[in-house]
A.B. asks: 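My questions all concern the structure below.
Keep in mind that this is a model prediction, so the values were computed, not measured.
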Amino acid sequence: MSATTTAAAMYTAAEVEAKMDMLKDTLMEAIDANAAATSALASDANMGWLVICGAMVFFMQIGFGMLEAGAIARKNVQNILFKNFLDASGAAICFWLLGYGFAYGDTVGGFIGNSNFGIRDIYNGNGGEGASDGWEGWFFQWAFTGAAATIVAGSVAERCKIEAYFVYSMFISTFIYPVVVHWVWGSGYLSAWGAVPDEDGNARPIFNYNDSSNGVIDFAGSGVVHMVGGVSGMMGAIALGPRKGRFDSVTGTTNAMPAHNQALCALGTGILWFGWYGFNCGSTLAIAGAGNLAAKVAANTTISAAAAVITGTFVSKFTEGHWDLSLAMNWILAGLVGITAPCSIVDPWHAFLIGITSAIVYMGAHYLLLKLNIDDPLDAAAVHGATGAWGLLCVGIFCTDANVQYAAYPNVNDACGRGEQFGVQVVGMLAICTWTAATAGIVFFGIKYTMGLRVSDEAEAVGMDISEHGGDGFADVDEIKARAAAMPQRALAPAAYDSYSAPQQPPQAQPNQQQPNMNYPQGAPQYAPVYPPGQPMYGYGGR
């Protein structure tokens with residue numbers, strides 16, 4: 001008798017069946033455990049993706065800081081950097097306590113959220129074993145909030161009181177921005193993800209309020225982030241009025257106030273371009289299963305920015321006769337802002353056209369603001385506001401239904417092909433613009449006529465580093481003494497005046513063959529060059 005026959009004779013049919021069932025159960029347990037481990041790994045990858053991309057978006061705060069520090073007068077550098085750190089810090093507290101709940105809480109009529117304040121619905125183990133608790137979502141969205149608030153700093157630079165800055169930054173981070181987030185990215189009335197759910201919880205996006213419509217598509221925030229920041233900045237610039245000497249009321253000309261340090265501007269622009277990959281690619285909100293989409297977004301972002309700067313390079317050479325670095329940097333940003341909304345739902349040749357047209361929109365907005373005597377030192381309203389609005393419209397102009405489905409938007413339809421999506425985008429753009437202009441206008445003019453919005457003329461002339469912060473951003477002691485000597489004591493912060501012991505009588509001005517530089521008080525050394533009539537006036541302002 002063989003060994004096999006002997007072994008078979010040892011078990012009855014029932015015993016064999018039982019052992020087979022046991023083997024099957026063991027195998028199924030192994031399969032389930034492997035599936036759970038794979039799911040947990042994917043969840044961890046998605047959470048890590050958002051944390052990394054959120055950190056890249058936060059790093060853009062450094063980019064904004066360097067860009068703004070180089071673009072303004074050197075006497076205001078410390079002030080603008082201080083405000084950048086306050087933006088990020090204030091946004092964290094405001095968005096934690098109230099803003100996140102307004103943005104992503106349960107909807108009240110599709111207008112605003114009303115739950116999860118203080119992120120109380122996010123806690124250890126909230127998501128269950130191997131799933132997300134939600135911490136990374138708050139972190140990623142906070143970084144966007146800080147970016148929206150920081151955009152405004154450029155528009156009101158060199159003349160806004162620090163106390164006023166605290167107030168308006170708080171309102172933007174707590175209320176103005178989160179409401180728009182709820183409309184477009186939460187379950188608000190414009191949202192592609194859950195617009196005004198019906199009694200059964202089904203999304204009802206405009207226009208048709210069923211799955212034949214998509215709602216507003218703003219993949220990474222041309223409208224939600226950049227347009228809110230740019231329009232808010234424009235309202236702040238209007239409420240503040242222009243910097244002293246920016247516009248000549250007699251001749252009607254605009255006086256050039258060029259950047260004092262183009263190297264800082266270039267560094268800041270490069271950091272922003274780098275951070276934009278976290279901004280746009282991170283808006284996939286996941287990497288497991290979305291790697292191809294993230295890569296496509298990166299490619300389109302790159303092509304748009306490159307097309308915009310190349311456009312600017314050759315146009316500036318043709319119109320001005322020289323290669324203009326300030327224009328190149330602004331056009332990079334314009335191309336990035338313009339592609340932010342449509343980056344996931346267009347093809348590369350669309351991105352190329354979006355970059356070119358975004359540069360043109362920026363230039364038109366820039367000259368319009370100058371015509372209206374609106375002084376925006378960083379051109380934030382033109383770069384972020386106007387180009388952000390154009391980015392929203394580009395979704396409707398260039399989107400394809402196949403690309404919308406590839407980007408994982410929830411409804412399968414032909415809204416792009418039949419032109420409905422463009423109409424939806426127009427409505428979204430007008431809604432965001434109207435809301436932001438109205439609410440930011442109330443905030444800025446309310447501050448202006450209560451606590452005061454603008455520093456004194458003396459403080460503006462001596463520089464906000466001395467008048468608001470008690471020191472100079474570059475620690476040039478000789479220049480500080482000269483400026484302090486020429487200014488009334490009341491314009492100086494006590495620490496600055498005590499440190500530099502200004503003499504009672506200002507020194508006599510030395511003969512100077514150049515036209516006097518209006519940005520320094522009489523008697524102070526003339527450090528900055530004077531730009532003659534005809535010097536290009538676009539690009540960044542500052543001395």
A.B. asks: For atom CZ of Phe166, decide whether the heavy atoms of other residues, nucleotides or ligands shown that lie under 6.0 angstrom number more than 12.
C.D. replies: yes

A.B. asks: Is the shortest side-chain heavy-atom distance between Asp379 and Tyr362 below 4.5 Å?
C.D. replies: yes

A.B. asks: When you look at Asn292 and Tyr406, which way does the side chain to side chain contact (heavy atoms under 4.5 Å, CB included) test go after all the steps?
C.D. replies: CA-CA 10 Å; Asn292 277 324; Tyr406 187 80; 3.2 Å; yes

A.B. asks: Taking the inter-plane angle between the rings of Trp183 and Phe111 on a 0 to 90° scale, is it parallel (under 30°), tilted (30 to 60°) or perpendicular (over 60°)?
C.D. replies: tilted

A.B. asks: Which value, rounded to the nearest 0.5 Å, describes the distance between Trp349 atom CH2 and Phe398 atom CZ?
C.D. replies: 6.5 Å

A.B. asks: Measuring from atom OG1 of Thr145 to atom CZ of Phe140, what distance do you get when rounded to the nearest 0.5 angstrom?
C.D. replies: 11.0 Å

A.B. asks: Using modelled atom types only, decide if a donor and an acceptor are shared between the side chain of Asp401 and the backbone of Ala415 within a distance under 3.5 Å.
C.D. replies: yes

A.B. asks: Evaluate the ring planes of His226 and Phe279, with Trp represented by its six-membered ring, and classify them as parallel (under 30°), tilted (30 to 60°) or perpendicular (over 60°).
C.D. replies: tilted

A.B. asks: Hey, is the main chain of Ala382 close enough, under 3.5 Å, to the side chain of Thr387 for a donor-acceptor pair?
C.D. replies: yes

A.B. asks: Between atom CE of Met464 and atom NE2 of His469, what is the distance when rounded to the nearest 0.5 Å?
C.D. replies: 6.0 Å

A.B. asks: Would you indicate whether the side-chain heavy atoms of Val77 and Leu264 approach each other to under 4.5 Å?
C.D. replies: no

A.B. asks: For a quick test of reading the model, state the closest non-hydrogen atom pair linking Asn300 to Cys343 and the distance between them.
C.D. replies: ND2-O, 2.9 Å

A.B. asks: Check Asn403 against Ile345 and note the closest heavy-atom contact, atom names and distance.
C.D. replies: CB-O, 3.3 Å

A.B. asks: Look at the side chain of Trp185 and the backbone N and O of Ser191, then say whether any donor-acceptor pair between them is shorter than 3.5 Å.
C.D. replies: no

A.B. asks: Taking side chain as C-beta onward, heavy atoms only, is Val167 less than 4.5 Å from Glu163?
C.D. replies: no

A.B. asks: If you round to the nearest 0.5 Å, how far is OG of Ser187 from CD1 of Ile112?
C.D. replies: 11.5 Å

A.B. asks: If you define the side chain from C-beta out and look only at heavy atoms, does anything of Ser283 sit under 4.5 Å from Phe144?
C.D. replies: yes

A.B. asks: Would you please say whether a donor-acceptor pair under 3.5 Å links the side chains of Asn413 and Glu420?
C.D. replies: no

A.B. asks: With rounding to the nearest 0.5 angstrom, report the OH to OH distance, Tyr209 to Tyr189.
C.D. replies: 9.5 Å

A.B. asks: Under the side chain to side chain contact (heavy atoms under 4.5 Å, CB included) rule, what do Val337 and Trp276 come out as? Steps first, then yes or no, please.
C.D. replies: CA-CA 9 Å; Val337 172; Trp276 231 284; 3.7 Å; yes

A.B. asks: Has the side chain of Asp133 got a donor or acceptor atom that lies under 3.5 Å from a matching backbone atom of Gly125?
C.D. replies: yes

A.B. asks: Given side chains that start at C-beta, do those of Val181 and Phe102 come closer than 4.5 Å, heavy atoms only?
C.D. replies: no

A.B. asks: Under a 3.5 Å distance rule, please check whether Asp218 uses its side chain to pair with a backbone N or O of Ser222 as donor and acceptor.
C.D. replies: yes

A.B. asks: For Ile62 and Ile271, which heavy atoms make the closest approach, and how far apart are they?
C.D. replies: CG2-CD1, 4.3 Å

A.B. asks: Quick check against the 3.5 Å criterion: does Glu68 have a side-chain atom that pairs as donor or acceptor with the backbone of Ala153?
C.D. replies: no

A.B. asks: Using a 3.5 Å distance criterion without hydrogens, assess whether the side chain of Asp347 forms a donor-acceptor pair with backbone atoms of Ala351.
C.D. replies: no

A.B. asks: Of all the heavy-atom pairs spanning Ser155 and Met234, show the shortest one and how long it is.
C.D. replies: OG-N, 4.2 Å

A.B. asks: Measuring from Met451:CE to Lys161:NZ, what's the distance to the nearest 0.5 Å?
C.D. replies: 5.5 Å

A.B. asks: Please examine the side chains of Leu285 and Trp49, heavy atoms only from C-beta on, and report whether any two atoms are closer than 4.5 Å.
C.D. replies: no

A.B. asks: Taking it one step at a time, do Leu336 and Leu272 satisfy side chain to side chain contact (heavy atoms under 4.5 Å, CB included)?
C.D. replies: CA-CA 9 Å; Leu336 291 167; Leu272 287 172; 5.6 Å; no

A.B. asks: Is the backbone of Ser213 close enough, under 3.5 Å, to the side chain of Gln421 for a donor and an acceptor to pair up by distance?
C.D. replies: no

A.B. asks: For Trp390 and Thr357, does a side-chain donor sit closer than 3.5 Å to a side-chain acceptor?
C.D. replies: yes

A.B. asks: When you look at CH2 of Trp135, are more than 12 heavy atoms from neighbouring residues, nucleotides or ligands closer to it than 6.0 Å?
C.D. replies: yes

A.B. asks: Tell me if the OH atom of Tyr409 is crowded by more than 12 foreign heavy atoms within 6.0 Å.
C.D. replies: yes

A.B. asks: Please find out if less than 6.0 Å separates the ring center of Trp142 from that of Tyr100.
C.D. replies: no

A.B. asks: Would you please indicate if the ring centroids of Trp435 and Phe175 are separated by under 6.0 Å?
C.D. replies: yes

A.B. asks: Check Leu392 against Gly223 and note the closest heavy-atom contact, atom names and distance.
C.D. replies: CD1-CA, 3.8 Å

A.B. asks: May I ask you to test the Leu333-Leu67 pair for a side-chain heavy-atom distance under 4.5 Å?
C.D. replies: yes

A.B. asks: Verify, without hydrogens or angle tests, whether Asn116 (side chain) and Asp121 (backbone) share a donor-acceptor contact under 3.5 angstrom.
C.D. replies: yes

A.B. asks: Any heavy-atom pair between the side chains of Phe219 and Asn280 that's under 4.5 Å?
C.D. replies: no

A.B. asks: Walk me through whether Leu81 and Met66 qualify under side chain to side chain contact (heavy atoms under 4.5 Å, CB included).
C.D. replies: CA-CA 8 Å; Leu81 294 176; Met66 294 299 96; 3.9 Å; yes

A.B. asks: Is there a donor-acceptor contact under 3.5 Å linking the side chains of Asp87 and Ser169?
C.D. replies: yes

A.B. asks: What are the two closest non-hydrogen atoms of Ala157 and Ile80, and how far apart are they?
C.D. replies: CB-CD1, 3.9 Å

A.B. asks: Okay, side chain of Thr284, backbone of Cys281: is any donor-acceptor separation there less than 3.5 Å?
C.D. replies: yes

A.B. asks: Angle between ring planes, Tyr168 versus Tyr165, binned at 30° and 60°: parallel, tilted or perpendicular?
C.D. replies: perpendicular

